[in-house]
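Read the structure below first, then the notes.
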Amino acid sequence: MTAPTKPNPSSPSADALHGPVIDWFEENARDLPWRRAAAGPWGVMVSEFMLQQTPVSRVLPVYEQWLARWPRPADLAKESPGEAVRAWGRLGYPRRALRLHGAAVAIAERHGGDVPTEHAQLLALPGIGEYTAAAVASFAYGQRHAVLDTNVRRVFARAVTGVQYPPNATTAAERKLARALLPEDEHTASRWAAASMELGALICTAKNESCVRCPIAAQCAWRLAGKPEHEGPPRRGQTYAGTDRQVRGRLLAVLRDAVGPVPQAALDRVWNEPVQRARALDGLVADGLVEPLPGRLYRLPLS
DNA sequence: AATGCGTGGTT
DNA sequence: TAACCAAGCAT
């Protein structure tokens with residue numbers, strides 16, 4: 001059985017992919033605010049945090065609000081973490097807001113207020129992992145990095161490896177392939193990173209892929225193989241109704257919409273099962289998303 | 001390495 | 001309509 005990340009014998013060469021994909025990108029790239037020069041490294045970094053597991057359409061309005069309110073890392077660093085959580089609104093995964101605030105504080109303290117340029121420095125910031133460090137270094141600073149997000153992984157799985165979907169978790173073989181496909185020239189590499197991601201986002205989508213508009217359809221290993229169905233373990237479903245996540249979301253929504261501290265009685269109304277409710281609230285406090293005050297009061301964290 | 005972590009649109 | 005999906009990270 002062939003490893004799912006091993007290129008097919010008939011897989012296209014790197015050189016055969018770069019030109020068509022980058023040319024397609026020049027013509028079809030979306031005009032997103034974080035792609036404009038005015039966004040700067042901070043705009044790129046904010047957008048990357050917001051886009052972790054969240055669609056572009058929902059990020060756009062919140063991104064504009066954040067950049068208008070906190071145009072530099074030091075501006076956000078001066079705020080309380082709770083204000084960041086409040087301004088995060090309903091983007092989801094609010095720990096990202098906390099981490100972005102923490103990253104802004106670290107940038108103000110350690111990097112003179114400028115988003116660091118080095119991959120290792122970026123990786124050391126809270127909320128920044130392998131993908132985001134590479135994305136900021138590549139998109140904001142034009143550096144040569146393999147930017148391996150879910151879109152790129154899917155494009156490589158199909159075009160090169162010949163399977164419908166990449167593995168559940170990113171494998172060493174995928175990283176190796178991404179590095180092998182990276183153009184040598186720095187500027188070309190950064191264009192390739194953005195272009196291959198955009199191809200996955202717009203054309204080579206998880207469902208209803210649009211091969212007729214794909215610039216590399218003629219070379220795509222998966223299409224040439226007759227687009228075989230995904231085999232292997234199904235991707236882990238994400239149930240939500242009835243989970244602690246749902247309870248946490250409801251609790252935090254009350255605190256976001258409140259001006260001052262909220263009595264526990266008000267929080268109790270969002271979920272009728274007391275054990276799960278208490279567990280969810282404790283979890284929010286443990287995560288630093290909620291601050292308990294004397295007298296059974298709660299608020300978003302002031303520090 | 002498997003799991004937990006929000007939310008809303010689409011099929 | 002329940003399931004799936006959306007530029008991951010931390011533990």
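Just so you know, these numbers use all the heavy atoms, side chains as well, and skip hydrogens, waters and symmetry mates. Lettering follows sequence order; numbering is per chain, from 1.
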- prompt: Passes side chain to side chain donor-acceptor pair (under 3.5 Å), A/Gln52 versus A/Thr132? Steps please.
  reply: CA-CA 9 Å; A/Gln52 291 168 2; A/Thr132 303; 3.0 Å; yes

What is the separation between atom [atom1] on [X] and atom [atom2] on [N], rounded to the nearest whole Å?
{"X": "A/Leu284", "N": "B/dC5", "atom1": "CG", "atom2": "C1'", "answer": "10 Å"}
{"X": "A/Met197", "N": "C/dA6", "atom1": "CE", "atom2": "C1'", "answer": "13 Å"}
{"X": "A/Asn151", "N": "C/dG8", "atom1": "CG", "atom2": "C1'", "answer": "12 Å"}
{"X": "A/Leu98", "N": "C/dC9", "atom1": "CG", "atom2": "P", "answer": "16 Å"}
{"X": "A/Arg99", "N": "B/dG6", "atom1": "CZ", "atom2": "C1'", "answer": "13 Å"}
{"X": "A/Trp88", "N": "C/dG8", "atom1": "CH2", "atom2": "P", "answer": "13 Å"}
{"X": "A/Leu289", "N": "C/dA10", "atom1": "CG", "atom2": "P", "answer": "14 Å"}
{"X": "A/Leu91", "N": "C/dA7", "atom1": "CG", "atom2": "C1'", "answer": "13 Å"}

Stepwise side chain to side chain donor-acceptor pair (under 3.5 Å) check, A/Trp70 with A/Glu79: CA-CA 9 Å; A/Trp70 301 305; A/Glu79 291 277 2; 3.1 Å; yes

- prompt: Restricting to pairs with a member in residues 76-114 of chain A, which pass ring pair (Phe, Tyr, Trp, His ring centres under 6.0 Å), not counting sequence neighbours?
  reply: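 Every pair satisfying ring pair (Phe, Tyr, Trp, His ring centres under 6.0 Å) with a residue in residues 76-114 of chain A: A/Trp66-A/Trp88.
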
task: Only pairs at least two apart or in different chains count here, so list each ring pair (Phe, Tyr, Trp, His ring centres under 6.0 Å) that has a residue in residues 170-209 of chain A.
output: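 Sorted pair list: A/His18-A/Trp192.
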
Taking only distance into account, with no hydrogens and no angle test, what donor-acceptor pairs under 3.5 Å do side-chain atoms of residues 292-303 of chain A form with protein atoms, sequence neighbours excluded?
{"unit_1": "A/Arg296", "atom_1": "NH1", "unit_2": "A/Gln264", "atom_2": "OE1", "d": "3.3"}
{"unit_1": "A/Arg299", "atom_1": "NE", "unit_2": "A/Glu291", "atom_2": "OE2", "d": "3.0"}
{"unit_1": "A/Arg299", "atom_1": "NH2", "unit_2": "A/Glu291", "atom_2": "OE2", "d": "2.8"}

Residues in contact with DNA chain B, drawn from [range] - heavy-atom cutoff 4.0 Å:
{"range": "residues 245-277 of chain A", "result": "A/Arg245, A/Arg248, A/Gly249, A/Arg256"}
{"range": "residues 53-72 of chain A", "result": "A/Gln53, A/Thr54, A/Arg58"}
{"range": "residues 137-148 of chain A", "result": "none"}

query: So if you build clusters from Ile, Leu, Val, Met, Phe, Trp, Tyr with side-chain heavy-atom gaps below 4.5 Å, do A/Val85 and A/Val254 land together?
result: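 The answer is yes; both residues are in one hydrophobic cluster.
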
- prompt: Among the clusters formed by ILVMFWY side chains lying less than 4.5 Å apart, do A/Val46 and A/Tyr141 turn up in the same one?
  reply: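 The answer is yes; both residues are in one hydrophobic cluster.
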
task: Report the C-alpha distance between A/Ser138 and A/Gln143 in whole Å, list the side-chain angles of each, state the deciding distance to 0.1 Å, and finish with yes or no for side chain to side chain contact (heavy atoms under 4.5 Å, CB included).
output: CA-CA 5 Å; A/Ser138 180; A/Gln143 294 174 20; 5.6 Å; no

query: Of the nucleotides B/dG8, C/dA7, B/dG6, which has the atom closest to the A/Arg90 side chain?
result: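 Closest nucleotide to the A/Arg90 side chain: B/dG8.
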
- prompt: Just by distance, do the side chain of A/Arg256 and the backbone of A/Gly89 share a donor-acceptor pair under 3.5 Å?
  reply: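 Yes; judged by distance alone, with no hydrogens or angles, the pair exists.
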
task: Keeping the roles fixed (side chain from A/Glu174, backbone from A/Thr171), state whether a donor-acceptor pair exists under 3.5 Å.
output: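 At least one qualifying donor-acceptor pair exists.
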
Expected list for residues 115-126 of chain A: side-chain donor-acceptor pairs under 3.5 angstrom, two or more places apart:
{"unit_1": "A/His119", "atom_1": "NE2", "unit_2": "A/Glu130", "atom_2": "OE2", "d": "3.3"}
{"unit_1": "A/Gln121", "atom_1": "OE1", "unit_2": "A/Glu118", "atom_2": "N", "d": "3.4"}

field: ring pair (Phe, Tyr, Trp, His ring centres under 6.0 Å) partners for A/His230, two or more places apart
entry: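 Result, ring pair (Phe, Tyr, Trp, His ring centres under 6.0 Å) vs A/His230: A/Tyr165.
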
message: Run the ring pair (Phe, Tyr, Trp, His ring centres under 6.0 Å) test against A/Tyr63 and tell me which residues pass, sequence neighbours left out.
response: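 Residues passing ring pair (Phe, Tyr, Trp, His ring centres under 6.0 Å) with A/Tyr63: A/Trp34.
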
message: Below 4.0 angstrom, which residues in residues 120-133 of chain A have at least one non-hydrogen atom near DNA chain C?
response: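 Only A/Pro126, A/Gly127, A/Ile128, A/Gly129, A/Glu130, A/Tyr131, A/Thr132 qualify.
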
query: Near DNA chain C, under 4.0 Å by heavy atom, which residues of residues 18-52 of chain A?
result: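 Those residues whose heavy atoms fall under 4.0 Å from DNA chain C, taken from residues 18-52 of chain A in numerical order, are A/Arg30, A/Leu32, A/Trp34, A/Arg35, A/Glu48, A/Leu51, A/Gln52.
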
task: Tell me whether the OP1 or OP2 atom of B/dT7 has a side-chain N or O from A/Arg96 closer than 4.0 Å.
output: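 For B/dT7, neither OP1 nor OP2 has a side-chain N or O of A/Arg96 closer than 4.0 Å.
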
message: Looking at C/dG8, I'd like to know if its phosphate oxygens (OP1 or OP2) sit under 4.0 Å from a side-chain N or O belonging to A/Tyr93.
response: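 Answer is no, no contact under 4.0 Å.
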
message: Using atom P in both nucleotides, what's the gap between C/dT11 and B/dG6 to the nearest angstrom?
response: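 The same atom, P, in both gives a distance of 14 Å.
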
field: Euclidean distance for C1', B/dT11 against C/dA7 (whole angstrom)
entry: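 The same atom, C1', in both gives a distance of 22 Å.
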
query: Considering residues at least two apart in sequence or located in another chain, which fulfil the side-chain hydrogen bond (donor to acceptor under 3.5 Å, both in side chains) criterion with A/Arg72?
result: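 By the side-chain hydrogen bond (donor to acceptor under 3.5 Å, both in side chains) rule, A/Arg72 matches A/Asp75.
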
query: How about A/Arg277 and A/Leu267: do any of their side-chain heavy atoms sit closer than 4.5 Å?
result: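 A side-chain contact under 4.5 Å is absent here.
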
- prompt: Below 4.5 Å, heavy atoms only, C-beta onward: do A/Arg96 and A/Leu91 meet side chain to side chain?
  reply: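 They are in contact (side-chain heavy atoms under 4.5 Å apart), so the answer is yes.
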
